[in-house]
Amino acid sequence: MSQGKLIVFSAPSGSGKTTIVKHLLKQPGLNLEFSISATSRDKRGEEINGKDYYFLSAKEFISKIKKDEFLEWEEVYRDNFYGTLKTEVERIWALGKHVIFDIDVSGGLRIKRKFPEQTLAVFVKPPSIDELKIRLKKRKTESDDKINMRVAKASAELATAPLFDVIIENDSLDKALDEAYTLVNNFVNPNA
Ligand code: 5GP
């Protein structure tokens, strides 16, 4: 099977990485396909099974861990498992496309370590922890407890930024989108 490239976007929750990833997916010249992760967390809002995530029970998730079906997985928040199935990357490569991931920092770095040459690992940095909290509150998708949990985790995640190939500062969204496009385009179309 021919292997494409792997583009990892990692960041604390609320940094805007999902917006950047969605923007890149709309650019036909980049030939990207989204890696749909598996998760055991509850479905949120308008999310669709098999499009946003493969929603599994914790029991199903753990059974797949035991069967070594994941490229990487994490218990990102307590009892909430997230992971990339090996079959997902194979599916996208079989389409002749490059894979783009929206995953947490540990998972992102694990993919970089497994495929060092094929992977571009990008860290999206929010302007500040306070701003991150404001963005999560505006999103109105999580309880205060869950927001506090995400903010606490964000500080530790920010410390891992230097381990990535590149850091994008998301203080102006338009600038971050342009920067992300240029980076990914240079990586997937190096001779263009
Ligand atoms: P959310 O619950 O907001 O959809 O995602 C929570 C966190 O889990 C985000 O940082 C997201 O990037 C991360 N995540 C989503 N999918 C995966 C995955 O397959 N592996 C890992 N390690 N993290 C993931």
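As the structure is a prediction and not an experimental result, all values here were calculated from the model. Whatever order the structure lists ligands and atoms in, that order sets their numbers, starting from 1.
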Next item on the list: Please identify each residue that fulfils side chain to side chain donor-acceptor pair (under 3.5 Å) with E179, with sequence neighbours left out.
Entry: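 Residues passing side chain to side chain donor-acceptor pair (under 3.5 Å) with E179: none at all.
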Margin query: Between K64 and E60, does any NZ, NE, NH1 or NH2 come within less than 4.0 Å of an OD or OE carboxylate oxygen?
Written below: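 So E60 does not pair with K64 through a salt bridge.
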Margin query: Checking side-chain polar atoms at under 3.5 Å, does D102 have a donor or acceptor matched by the opposite partner on T18?
Written below: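 Yes, T18 and D102 have a side-chain donor paired with an acceptor closer than 3.5 Å.
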Checklist line | Neighbour count above 12 (heavy atom, 6.0 Å) for K125 NZ | finding: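 Count not over threshold, so no.
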Check: Can you name the residues that form a side chain to side chain contact (heavy atoms under 4.5 Å, CB included) with D178, not counting sequence neighbours?
Finding: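 Here no residue qualifies.
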Check: Name the residues with a heavy atom less than 4.0 Å from ligand 1?
Finding: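 Those residues closer than 4.0 Å to ligand 1 by some heavy atom are K17, S37, R41, R44, Y53, E72, E74, V76, Y77, Y82, G83, T84, D102, I103, D104, G107, R150.
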Please set out all donor-acceptor pairs under 3.5 angstrom arising from side-chain atoms of residues 20-32, sequence neighbours excluded.
| from | atom 1 | to | atom 2 | distance (Å) |
| --- | --- | --- | --- | --- |
| Q27 | NE2 | H23 | O | 2.9 |
| N31 | ND2 | G96 | O | 3.0 |

